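Worksheet for the structure shown next.
Just so it is clear, the structure is predicted and the values come from calculations on it, not from any experiment. Just so you know, ligand 1 is whichever comes first in the structure, and atom 1 is the first atom listed for that ligand.
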Amino acid sequence: MEKVTVEGTVGSVEDYISLVGPELVEEVKELARPLKGARIILLNSTAVGGGVAEMFPGFIRLLHSLGIEVTWLVMPGNRQFFAVTKKIHNGLQGADISLTEAERSIYSRQNEITGKELAQYAADLYEIHDPQPAGVYPYLSDRPALWRCHIDSSTANPEFWEFIRERIEPYDRLIFSMQEFARKDLDSRKVVIIHPAIDPFSVKNRQMDQETAKRTIARYGINPNAPLMTQISRFDPWKDPVGVIEAYRLARRRHPDLQLVLLGAMADDDPEGPTILASLRQAVGNDQSVHILADTSPNDREVNAFQTLSRVIVQKSLREGFGLTVTEALWKGQPVVAGNVGGIRAQIRNGQNGFLVDTVEECAERVEYLLDNPDQQRELGRQARETVRQKFLMIRLVRDHLKLYRQLLGKQQLQPVMMTE
Ligand code: UDP
């Protein structure tokens, strides 16, 4: 099992005063006080790529600054296992597929191995993220455990929902990003809704000046002085990269100098990436104005540069657990044009800080609107940043988790008192 070390101290609780004011900071410190020294284990399935790995460093740094010990572990797994878990991911997002007995055994076996290893780490509370390690519960020590889902399961394929439901039922709390993701057959007393958040102090999200952004982008052979339409995402059909290309081709008719960038880093736990990438490259052919950039290593500075400099950011997802790429772009003052689905709806108020779109045509229309109306775009962009400042910064996420930890650990501490009564 890999243990990921989180370095650096920027993003401590005090650093947030200048962004959110002293009240929230005080509330968080107060919530954390009785939890000082508590040992929390976070378990997920990749150290790089995707939204979960993205959130952990800022989350951990903030908790560390509050005196809470957090250990981030990554479950082991080979290609075969991650092929099964990507299938589970797709099934939970509604794909019409099925799991074989052999695939179920691969899943169970890997969770058993992981669970047994996990039991060797001292913990006061476990936080298990997403379906890949959901099956470790039977191997955990007798401490509170919560399961956190980052997937849009609102239209889950019943077979896959059943598969996951059986495994998550025993957890003490089940966290989803949106109410509609928590299906009705779960124990509603265990369900908690928490929106994800971004770390404003990270390389990806701190302010970048235009000149630095231009230089970074020019390295990719892209003209930083012509308008850019950009989507940043894993190469995954749910992110609808084909739809983005179609919308771009419509928008380009009246904006011939518009360039398209699809930037995607490969996630260790997503084996579909290379196949999708190959088919996209084929679809684009030798169209020089479309740039498909597939990074194989972390590219935070590049993501920041594209989100800062692009004329329009799109996130045309067909399903979306939350869409941190949307949050990141809103934070940079970009009114994002995004799919009217899942967690994106918690972030974008249509026409106020971005646009929600249902079709390729609508997407193209909104892109063109922003290209044609820079003043309105700036105003929407101001609202966009303010939305994130108020609702989607890491300190708010930490506050929500501290409340949960207090509930769960408090319950344990209260037991002896109740017994003496
Ligand atoms: N990301 C990145 N480089 C890329 C593509 C994506 O760092 O080339 C990051 C992106 O900035 C975001 C995360 O990966 O922080 C994706 O999270 P999101 O919630 O948008 O989608 P997920 O991949 O979890 O479905």
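Protein heavy atom in closest approach to atom 8 (O) of ligand 1: Ala265 N, 2.6 Å. What sits closest to atom 18 (P) of ligand 1 on the protein, heavy atoms only, is Leu324 N, 3.5 Å.
With hydrogens and angles disregarded, a donor-acceptor distance shorter than 3.5 Å links the side chain of Asp130 to the backbone of His150. No side-chain donor-acceptor contact under 3.5 Å links Ser154 to the backbone of Phe181.
Proximity to Arg234 (heavy-atom distance under 4.0 Å) selects the following atoms of ligand 1: 22 (P), 23 (O), 25 (O). Taking every non-hydrogen atom of Gly323 and a distance limit under 4.0 Å, the qualifying atoms of ligand 1 come out as 19 (O), 20 (O). Near Glu54, the atoms of ligand 1 lying under 4.0 angstrom from a non-hydrogen atom of the residue are 15 (O). Close contacts between ligand 1 and Asn299 involve ligand atoms 2 (C), 3 (N), 4 (C), 7 (O), 8 (O) [criterion: under 4.0 Å to a heavy atom]. Atom numbering of ligand 1 starts at 1 in the shown order; those under 4.0 Å from a heavy atom of Ile232 are 4 (C), 5 (C), 6 (C). Near Val303, the atoms of ligand 1 lying under 4.0 angstrom from a non-hydrogen atom of the residue are 2 (C), 3 (N), 7 (O), 11 (O). Ligand 1 places these atoms under 4.0 Å from at least one heavy atom of Lys204: 2 (C), 7 (O), 9 (C), 10 (C), 11 (O), 15 (O). For ligand 1, the atoms closer than 4.0 angstrom to any heavy atom of Thr325 are 10 (C), 12 (C), 20 (O).
The cationic atom of Arg79 (NZ for Lys, CZ for Arg) does not lie both less than 6.0 Å from the six-membered ring centre of Phe81 and within 45° of the ring axis.
Residue contacts with ligand 1, taken as heavy atom pairs separated by less than 4.0 Å, involve Glu328 solely via side-chain atoms from C-beta onward. Using a 4.0 Å cut-off between heavy atoms, Val52 makes no contact with ligand 1 at all.
The six-membered or imidazole ring of Phe176 lies away from that of Phe322, with a centre-to-centre distance of 6.0 Å or more. Checked against the 6.0 Å centroid threshold, Phe201 and Tyr16 count as a close aromatic pair. Taking the six-membered ring for Trp and the full ring otherwise, His129 and Phe56 have centroids separated by under 6.0 Å.
The option with the heavy atom closest to atom 22 (P) of ligand 1, from among Gln93, Lys239, Gln315, is Lys239.
Checked against Leu280 for a side chain to side chain contact (heavy atoms under 4.5 Å, CB included), the options Val290, Thr275, Ile292 give a single hit: Ile292.
Some N or O of Gly51 is nearer than 3.5 Å to an N or O of ligand 1, by distance alone.
The 12-atom threshold is exceeded at CD of Glu379, counting heavy atoms of other residues, nucleotides or ligands nearer than 6.0 Å.
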ask   = After noting the C-alpha distance and the side-chain angles of Asp257 and Arg311, does the key distance pass the salt bridge (Lys or Arg N to Asp or Glu O under 4.0 Å) rule?
value = CA-CA 12 Å; Asp257 59 344; Arg311 206 40 195 80; over 6 Å; no

